[in-house]
Amino acid sequence: MSKTRSSWQRTHTCGDLSSSNEGTECVLNGWIENHRHHGQLIFLDLRDRYGVTQVVVDQETGGALLGMFETVKRLGAEDVISVRGRVRRRDADKINKNRSTGEIELVALSLTVLSEAETPPFEVHDKIEANEELRMQYRYLDLRRRPLQEALQKRAKFVTAIRNYLQQNRFIDIETPILTKSTPEGARDYLVPSRVHPGKFFALPQSPQIFKQLCMVAGLDRYYQIARCFRDEDLRADRQPEFTQIDMEMSFVEEHDVLDMVESMVVHGMREGFGIELPQPFPRFDYSEAMDKYGCDKPDLRFAMTLIDCTALAQKSDFKVFAGAVAQGGIVKGICATGAAEKFSRKGIDELTTFVTGLGAKGLAWAKITANGVEGSIAKFYEGDKGKELCAHMGALPGDLLLFVADQKRVVNKALGDLRLKVGGILSLRDPKVFRCCWVLNFPMFEYNEEKGRWQFAHNPFSAPVDWDVKDFSVDTENIRSRAYDFVMNGWELGSGSIRIHRPDLQAKVFEFLGVSKEQQRINFGFLLDAYKYGGPPHGGIALGVDRIVTLALGREGIRDVIAFPKTATAFDLMAEAPGMVSAEQMAELQISSTAKPTS
RNA sequence: GGGGGCGUAGCUCAAUUGGUUAGAGUACCGGACUGUCGAUCCGGUGGUUGCGGGUUCGACCCCCGUCGCCCUCGCCA
C-alpha cells in the first residue's frame, strides 16, 4: 500500500474548513447537494457526512481551464466529485450563517467527476418532501440526509457509551445463538428450516432470555449483549420485527442492585450519546401505586395531574352517577388540570367525553372552578361547602378544570390515565425536550386470559414471586406479585426485567400451577431446568429497547427513524424486497413446501 | 384478524354536484445571467389518476374487488 494520497483523495472533509484555513490549497470529496449557475460563475454545495461546503467556479480560475468549466456546467444533484481548490474567506455580506463552513468557500482549481448520478427519485435535502414509502425503497438516498446520519451517529455513540460503562463494571459481552429453539409461550417465532434435520426448525430468538440465565448458572456473573431480537407480531410505530436490546444479567443481586446499575448506565449513556442530563434518582413506584396515581404502569412524569381517589366523597354525594358507581363496587377518581378551565370550551370538553367513552367509560363529569364556586356538569351537586370540600380534596383553585370518571376500577384507571395524557398533551405539558424516568416494581405475577380461561404469566416464566415461600399460587392469585420491574421514560416502557427463580422446586411449582405438564416443561425448557439442578446462583437482569431509547432521546416520530434499514408495518423490506420467493430447489433441499397461494 | 386515513407528472399537492384539452410548485431539459446559498428570469419535456371490474351519454370523483403505505385495537410471556 502506498502511503501517498492519490491526487483526487480528500485532504479535508466538507465540515472541516473555516477561516483559519484561508489561503490553503486542499481537496474535498463529496456529493453535489445543490448547484447555482450565474453564467460565468457557478456555485456548488458539496456534501459529505461532516457538512456542506460551497465550491465556487468562476472565470478567473475556470476560464483559464475551460474544460473544467464545461464539466461543471453539466454537473447535477448527487454527482460525486473531487475538487481541488483554495480556501477563500468570504466578504462579510456573503457569509452564510446557517452553516459551520459559511465563512469560507473553496475556489475550484481542478475537478474530477468520481461518479455520475441519475436524477434521484426524490430530492436529497434535510427538509424532505417525499413520502416514507419511497424513502424506504431508496433508503440509501434517504440515509444521505442529515437527520438520518445524525440519528445513526448518535445511536452508535450511545451504544458505545453503554458498552464502555458495562465493560468498566465487569460485564462480559457474550454472543448467544441466533439459531435457537422455538417456545410456544410469548410472541410468534420467526422460523428457519433445518436442511440436515428435515422437518425440524430453528427459531430466531425473541430475546436471549434463557441463554443469559444459563450464563449465570455458568458463573459468568455479569453478562451483557447488544442483542438483536425477533418477534413475528403485528407492527406499530414503536415496533419492528427485528429490534435491538441492551440485554443484561447479574448474579447474587437483589432488585436495588440491578436498578442502581441500570440507572447509572442510562444516565451515562444519555449524557455521552445525546448530551441529555437525566434528573436522579429515578422515582421507584410500586405497580399498585403507579396504577393508583397515573392509571397505568408506565407513568409519564413530565407533569403531575395525578389521579385522585374521590370514592369516599362520591359515596355520600347526591350525584347518582357517583354514588351509584360506588354502590356497585366501583370507584370515582378525578384529575385537576391546573389553570385549564379557560382552555376547554364546552365543545372541547365534549371531545374529552367522546375520548373517555371510547375507552369504556360511561361518561365524563367535569367542573370548572371559579371564584364563585363550581360550574359544570356536576355543579348543582357541589354548591357551597360541598364544592369547597371537593376543591380542597382535589387541590383545586379558581381557574382549574376538574375531570372525573366513575366506574369499575379497571375502567376508571384506563379512561382517566389516558385522559391525563391527552389533557397533558393539549396543555403542552409533554415537552419532548424534557426527560423524566422512573421504575415500576412488583408487577402482578399472573394475569387471567379470558379467551383461554386460565391464568398465564404476566411477565415471563422465570420471574420470581416476591414471596419465595409462597405456599399455593391458586390462593389470591391476582394479588401475587412478582419481582419484575419496568424502566419507564416519558411514558414509554423502555426496559423490563426481573429477579429470576433460581430454585428448581419453585420453578416446578409455578409451572404446575399454570398447568404446564412435566412433559411440556421438558420439551421447552428442559435444559434450563436441568441447569438449575447443578447450582444456580440468585440472579436477575433486564433488557432495554435501544431503538426506543434513541427515538425518544432524539425526539423522532418512530423507531424507523433511528434504524438504518427498517421494514414496513407489514414486515416487508421495500428496498431489498424481502421476504421473497425461493427456488423450488431450495425448498426441495429443505424438504418443505408452501401451502400459500402464489401472489405475483 | 378488526377499525381509520392515504394512493393524480420524478417529487409534494390541486382539480366545484359526475361534465371542455387533468393544473400548480418543485425536480429535469434548453436559454439568459459574475456573488448565489431553497438563486432569479424566459421557454420546454413530463400523466396507465395504484391495479382490475362495474354504473353512466360521460368517472380522478360513485359502486365492488384487489394491491401498497401510514396510524390504531387485538396481539407483542
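No hydrogens, no waters, no symmetry mates; every other heavy atom, side chains included, goes into these values. By convention in this document, chain letters (A, B, ...) are assigned in the order of the sequence lines, proteins followed by strands, and residues within each chain are numbered from 1.
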Please report the distance separating the [atom1] of [N] from the corresponding atom of [M], rounded so that it comes out in whole Å.
{"N": "B:U40", "M": "B:U34", "atom1": "C1'", "result": "14 Å"}
{"N": "B:U45", "M": "B:G25", "atom1": "P", "result": "14 Å"}
{"N": "B:G1", "M": "B:G65", "atom1": "P", "result": "16 Å"}
{"N": "B:G53", "M": "B:U17", "atom1": "C1'", "result": "25 Å"}
{"N": "B:U20", "M": "B:C61", "atom1": "P", "result": "14 Å"}
{"N": "B:G47", "M": "B:G4", "atom1": "C1'", "result": "30 Å"}
{"N": "B:G2", "M": "B:U12", "atom1": "P", "result": "29 Å"}
{"N": "B:G46", "M": "B:U8", "atom1": "C1'", "result": "14 Å"}

Protein-nucleotide distance ([X], atom [atom1]; [N], atom [atom2]), rounded to Å:
{"X": "A:Asp486", "N": "B:C76", "atom1": "CG", "atom2": "P", "result": "15 Å"}
{"X": "A:Leu44", "N": "B:U36", "atom1": "CG", "atom2": "C1'", "result": "11 Å"}
{"X": "A:Arg239", "N": "B:C76", "atom1": "CZ", "atom2": "C1'", "result": "5 Å"}
{"X": "A:His37", "N": "B:G30", "atom1": "NE2", "atom2": "C1'", "result": "13 Å"}
{"X": "A:Leu141", "N": "B:C11", "atom1": "CG", "atom2": "P", "result": "13 Å"}
{"X": "A:Lys567", "N": "B:C69", "atom1": "NZ", "atom2": "C1'", "result": "16 Å"}
{"X": "A:Arg236", "N": "B:G4", "atom1": "CZ", "atom2": "P", "result": "16 Å"}
{"X": "A:Phe122", "N": "B:C28", "atom1": "CZ", "atom2": "P", "result": "15 Å"}

Quick one: do [X] and [Y] make a salt bridge, cutoff under 4.0 Å?
{"X": "A:Asp45", "Y": "A:Arg99", "result": "yes"}
{"X": "A:Arg522", "Y": "A:Asp530", "result": "yes"}
{"X": "A:Asp142", "Y": "A:Arg139", "result": "yes"}
{"X": "A:Asp286", "Y": "A:Arg481", "result": "no"}
{"X": "A:Asp505", "Y": "A:Lys509", "result": "no"}
{"X": "A:Glu33", "Y": "A:Arg144", "result": "no"}

Contact class for [X] (heavy atom, under 4.0 Å): base, sugar-phosphate, or nothing?
{"X": "A:Arg231", "result": "sugar-phosphate"}
{"X": "A:Leu134", "result": "sugar-phosphate"}
{"X": "A:Thr570", "result": "sugar-phosphate"}
{"X": "A:Arg188", "result": "nothing"}
{"X": "A:Asn131", "result": "sugar-phosphate"}
{"X": "A:Pro461", "result": "base"}
{"X": "A:Glu557", "result": "nothing"}

Looking only at N and O atoms, is any donor in the side chain of [X] or the base of [N] less than 3.5 Å from an acceptor on the other one?
{"X": "A:Glu123", "N": "B:U26", "result": "no"}
{"X": "A:Asp58", "N": "B:G35", "result": "no"}
{"X": "A:Arg74", "N": "B:C29", "result": "no"}

Pairwise 5' ranking along RNA chain B for A:Ala569 and A:Glu105, keeping only the more 5' one: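 Here A:Glu105 is the residue nearer the 5' end.
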Taking for each residue the nucleotide of RNA chain B with the nearest heavy atom, is it A:Gln456 or A:Phe572 whose nucleotide lies nearer the 5' end?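 Its nearest nucleotide being more 5', the pick is A:Phe572.
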So, is A:Thr568 close to the B:C69 phosphate, meaning a side-chain N or O under 4.0 Å from OP1 or OP2?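 So the side chain of A:Thr568 is within the cut-off, an N or O lying under 4.0 Å from OP1 or OP2 of B:C69.
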Just N and O in the side chain of A:Arg88: are any of them under 4.0 Å from OP1 or OP2 of B:G35?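 So the side chain of A:Arg88 is outside the cut-off, no N or O lying under 4.0 Å from OP1 or OP2 of B:G35.
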Counting only Watson-Crick pairs (N1-N3 plus N6-O4 or O6-N4) and G-U wobbles (N1-O2, O6-N3), all under 3.5 Å, who is the partner of [N]?
{"N": "B:U56", "answer": "none"}
{"N": "B:G7", "answer": "B:C67"}
{"N": "B:A22", "answer": "none"}
{"N": "B:U17", "answer": "none"}
{"N": "B:C28", "answer": "B:G44"}
{"N": "B:C75", "answer": "none"}

When rounded to the nearest 0.5 angstrom, what distance separates CD in A:Gln213 from NE2 in A:His539?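 If I round to the nearest 0.5 Å, the distance is 4.0 Å.
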Just how far is it from atom CG of A:Leu514 to atom OG of A:Ser474, taken to the nearest 0.5 Å?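 Rounded to the nearest 0.5 Å, the CG-OG separation comes to 11.0 Å.
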Among [options], which nucleotide sits nearest the side chain of [X]?
{"X": "A:Gln54", "options": "B:C76, B:C69, B:U36", "result": "B:U36"}
{"X": "A:His35", "options": "B:G35, B:U72, B:C28", "result": "B:C28"}
{"X": "A:Asn96", "options": "B:U34, B:C37, B:C70", "result": "B:C37"}
{"X": "A:Thr119", "options": "B:C70, B:A27, B:C33", "result": "B:A27"}
{"X": "A:Asp234", "options": "B:C69, B:C71, B:G1", "result": "B:G1"}

Mind telling me whether A:Trp439 and A:Phe487 have parallel, tilted or perpendicular rings, with 30° and 60° as the class edges?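 Answer is tilted, since the angle falls between 30° and 60°.
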